[in-house]
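Structure first, then comments.
Computed from a prediction, not measured in an experiment: that's the story for all the values here. Order of the sequence lines fixes the chain letters, A, B, ..., with proteins taken first and strands second; residue numbering starts at 1 for each chain.
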Amino acid sequence: MPELPEVENVIRSLVNKVSGKKIASVEIITPSIVYKRTDFIDLVKDKTIVTLERRGKYIIIRLDEGNLLIHLRMTGKLLFNGEIGKHTHLKIDFTDGNYLIYNDVRKFGRINYLSNDELNIYLKTKVGLEPGLMELEAFKTKLMNKRGPLKKILLDQTVIAGIGNIYADEILFASGIHPLTETSKLKDEDYIILFDNIRGILEKAILAGGSTIRDYVNGDGTAGGFQDAHQVYGRGGKECICCGCTLEKIKVAGRTTVYCPICQRIR
DNA sequence: CCATACACCTGTGTGC
DNA sequence: TGCACACAGGTGTATG
Ligand SMILES: [Zn+2]
């Protein structure tokens with residue numbers, strides 16, 4: 001489900017509701033979503049949530065001691081006082097009677113307890129540049145050191161963190177760059193356009209509440225609105241909004257990729 | 001080293 | 001209607 005804009009909206013919808021709350025109990029309904037740690041419940045129980053943060057597609061629940069690191073993968077949801085059902089896999093009860101649940105139809109998501117040091121090491125090795133904070137030169141250097149189709153590189157979370165299949169296609173279309181372009185063929189001006197579109201599209205998507213293709217909702221249960229602004233994602237075979245020609249559908253790095261053969265030239 | 005396949009799961013849409 | 005199959009916002013591991 002969620003890419004950076006959706007994860008950001010989950011956090012924004014929850015941060016004021018859960019910060020300061022003390023955890024009274026934790027119920028693990030589906031053990032497979034919690035990384036093996038026999039003392040998980042003991043580590044989390046009686047802790048207080050300090051705040052929520054995001055790195056790439058990860059949600060970090062900062063506790064007064066340690067952290068919960070959550071990845072929603074495809075269909076994970078974090079819901080404040082949400083409806084408990086057959087897809088609820090974890091429940092955190094607060095001392096004031098409110099609760100937070102983790103729902104996930106496909107059970108791909110993961111929740112882990114990490115100390116501050118463990119978290120820092122993990123993020124340093126696995127999570128790349130933060131789109132909203134990165135600088136052009138660092139971005140350019142990092143991309144130039146990678147070979148292969150540009151879309152594959154945009155999807156690589158160790159390069160830039162947070163871009164998934166929807167936003168990769170939207171960013172490339174907005175930039176007028178073909179998804180199979182090799183970074184060695186990109187000119188300085190291409191890097192600037194790409195950089196601006198990564199930040200611009202992700203920011204617009206955040207402000208629109210993210211994209212709801214099927215079932216994404218934020219922590220309140222509110223769906224996003226950015227799906228109405230998609231130019232190419234999910235539109236293979238339809239006409240290009242810009243030039244009217246037929247949008248192509250191919251596979252890149254194993255993912256369905258839609259682009260306009262006229263508007264997005266190979267460099 | 002790389003690219004591809006598959007595994008993890010369930011639900012939904014399509015075509016016969 | 002029913003059934004088989006393809007496909008889905010992601011990523012880690014195995015395979016060639
Ligand atoms: Zn076009």
Side-chain angles (χ1 to χ4, degrees), chain A residues 1-11 29-36 54-59 69-79 85-90 102-112 122-123 125-128 131 145-173 179-180 182-184 198 201-202 204-206 208-219 221-238 249-258:
Chain A
M1 166 180 42
E3 304 180 30
L4 185 152
E6 292 76 38
V7 176
E8 180 65 26
N9 272 282
V10 170
I11 288 173
I29 300 153
T30 306
S32 61
I33 62 133
V34 177
Y35 278 98
K36 275 186 186 160
R54 182 188 58 71
R55 270 291 277 129
K57 300 175 191 171
Y58 285 96
I59 296 167
L69 184 65
I70 301 174
H71 199 302
L72 305 173
R73 294 280 179 97
M74 293 287 266
T75 53
K77 297 177 183 59
L78 215 46
L79 297 166
K86 65 189 256 195
H87 299 303
T88 303
H89 306 301
L90 184 122
Y102 179 75
N103 285 8
D104 192 342
V105 169
R106 295 176 73 178
K107 294 184 258 186
F108 287 172
R110 292 292 180 267
I111 301 175
N112 196 6
Y122 186 87
L123 294 177
T125 55
K126 303 262 187 179
V127 186
N145 288 330
K146 289 278 174 181
R147 281 163 295 125
L150 181 56
K151 177 168 175 182
K152 179 179 154 69
I153 298 169
L154 292 180
L155 291 173
D156 184 340
Q157 301 301 300
T158 67
V159 178
I160 307 162
I163 300 172
N165 205 33
I166 294 175
Y167 297 105
D169 279 8
E170 294 299 323
I171 288 163
L172 288 167
F173 177 77
L180 296 177
E182 297 280 329
T183 49
S184 59
I198 288 170
I201 288 183
L202 293 177
K204 277 183 202 158
I206 289 170
S211 299
T212 297
I213 300 303
R214 180 175 230 111
D215 57 15
Y216 162 74
V217 289
N218 71 9
T222 307
F226 196 72
Q227 64 282 357
D228 297 335
H230 292 174
Q231 310 281 291
V232 285
Y233 177 82
R235 300 192 63 250
K238 294 184 179 164
K249 185 160 91 167
I250 58 171
K251 290 270 183 194
V252 179
R255 314 295 300 280
T256 295
T257 298
V258 179

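Between A:R214 and A:P149, the one whose closest nucleotide on DNA chain B sits nearer the 5' end is A:P149. Position along DNA chain C of the nearest nucleotide to A:K249 versus A:Y58 favours A:K249 as the more 5'-ward residue. Comparing A:Q157 and A:T256 by the nucleotide of DNA chain C whose heavy atom lies nearest to each, the residue mapping closer to the 5' end is A:T256.
The shortest distance between the side-chain N/O atoms of A:S211 and the OP1/OP2 oxygens of C:dG9 is not below 4.0 Å. Within the 4.0 Å cut-off from OP1 or OP2 of C:dG9, at least one side-chain nitrogen or oxygen of A:R255 is found. For A:R147, a side-chain nitrogen or oxygen approaches OP1 or OP2 of B:dC2 to under 4.0 Å. Taking side-chain N and O atoms only, A:H71 has no distance below 4.0 Å to OP1 or OP2 of C:dG10. Between C:dG10 and A:K57, a contact under 4.0 Å exists linking OP1 or OP2 to a side-chain N or O. One finds no side-chain N or O of A:Y167 lying less than 4.0 angstrom from the OP1 or OP2 phosphate oxygen of C:dG9. Look at A:K152 and you won't find any side-chain N or O under 4.0 angstrom from OP1 or OP2 of B:dC2.
In this structure, A:F108 counts as stacked on the base of C:dG10 under the 5.5 Å centre distance and 30° plane angle limits.
Considering only residues two or more places apart in sequence or on other chains, A:Y58 meets the ring-ring contact (aromatic ring centres under 6.0 Å, His included) condition with A:H71, A:Y122. Contacts of A:I213 classified as side-chain contact (heavy atoms from CB on, under 4.5 Å), with partners at least two apart in sequence or in another chain: A:I166, A:Q227, A:H230, A:Y233.
For C:dG12, the paired nucleotide is B:dC6, the pair qualifying as Watson-Crick or G-U wobble because both relevant distances are below 3.5 Å.
A donor-acceptor distance shorter than 3.5 angstrom exists from the side chain of A:E6 to the backbone of A:S211, with no hydrogens or angles considered.
One finds the CD1 atom of A:I153 at 11.5 Å from the CD1 atom of A:I163 (value rounded to the nearest 0.5 Å).
Following rounding to the nearest Å, A:I201 (CD1) and C:dG9 (P) show an atom-to-atom distance of 17 Å. For the pair A:K251 NZ and B:dA5 P, the computed distance is 10 Å after rounding to whole Å. Remark: P of C:dT11 and CG of A:L4 are 11 Å apart, rounded to the nearest angstrom. Spacing between atom CZ of A:R73 and atom C1' of B:dT10 amounts to 16 Å, rounded to whole angstrom units.
Straight-line distance between the P atoms of B:dC6 and C:dC5: roughly 15 Å, to the nearest whole Å. Across the P atoms, C:dT11 and B:dG11 are found 22 Å apart, a figure rounded to whole Å. One P atom belongs to B:dA5, the other to C:dC7, and the distance between them is 13 Å to the nearest Å.
Remark: the A:T257 side chain and the A:K249 side chain contain no N/O donor-acceptor pair separated by less than 3.5 Å.
A:K86 comes within 4.0 angstrom of the backbone, heavy atoms only, and of no base. Within 4.0 Å of A:T212, counting heavy atoms only, lies at least one base atom of the nucleic acid.
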